[in-house]
> 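Here it is, the structure, as structure tokens.
All values below were derived from every heavy atom in this structure, side-chain atoms included, with hydrogens, water molecules and symmetry-related copies excluded.
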Amino acid sequence: MEEETFEIDPQDLLLENAMRVVFKAAELLDADDLTPAQLKDLSGALRDATEIVVTIESACGCDHDHEGDVA
């Protein structure tokens, strides 16, 4: 029996993690009782997620304008 191997693209993994941060942030922002510390943590996490997406976008060599791709 032949064993299948899967190759995981590190950029895909980073992008998936960044999107999880964004969705978790949206859930937290719906909460009525965020503390200042939680808001600071949330802000930092969103900044990190944004940096990941910008880094991935700038590393793309496809000559396509990704600015319009963001929904």
> Thr5: what forms a side chain to side chain donor-acceptor pair (under 3.5 Å) with it, not counting sequence neighbours?
none
> Atom CG of Asp33 and atom CG of Leu28: how far apart are they, to the nearest 0.5 Å?
10.0 Å
> Would you say Ser58's side chain and Val54's backbone share a donor-acceptor pair under 3.5 angstrom?
yes
> Kindly write out the residues that satisfy side chain to side chain contact (heavy atoms under 4.5 Å, CB included) with Ile56, not counting sequence neighbours, or none if the list is empty.
Gln11, Leu14, Leu15, Ile52
> Kindly give the heavy-atom pair with the smallest separation between Ala49 and Val21, and that separation in Å.
CB-CG1, 4.1 Å
> With heavy-atom distances below 4.5 Å as the criterion, would you say the side chains of Leu13 and Asn17 are in contact?
yes
> Taking only residues two or more places apart in sequence or in another chain, which ones pass side chain to side chain contact (heavy atoms under 4.5 Å, CB included) with Arg47?
Glu51
> Output the distance between atom NZ (Lys40) and atom CG (Leu34), rounded to the nearest 0.5 Å.
15.0 Å
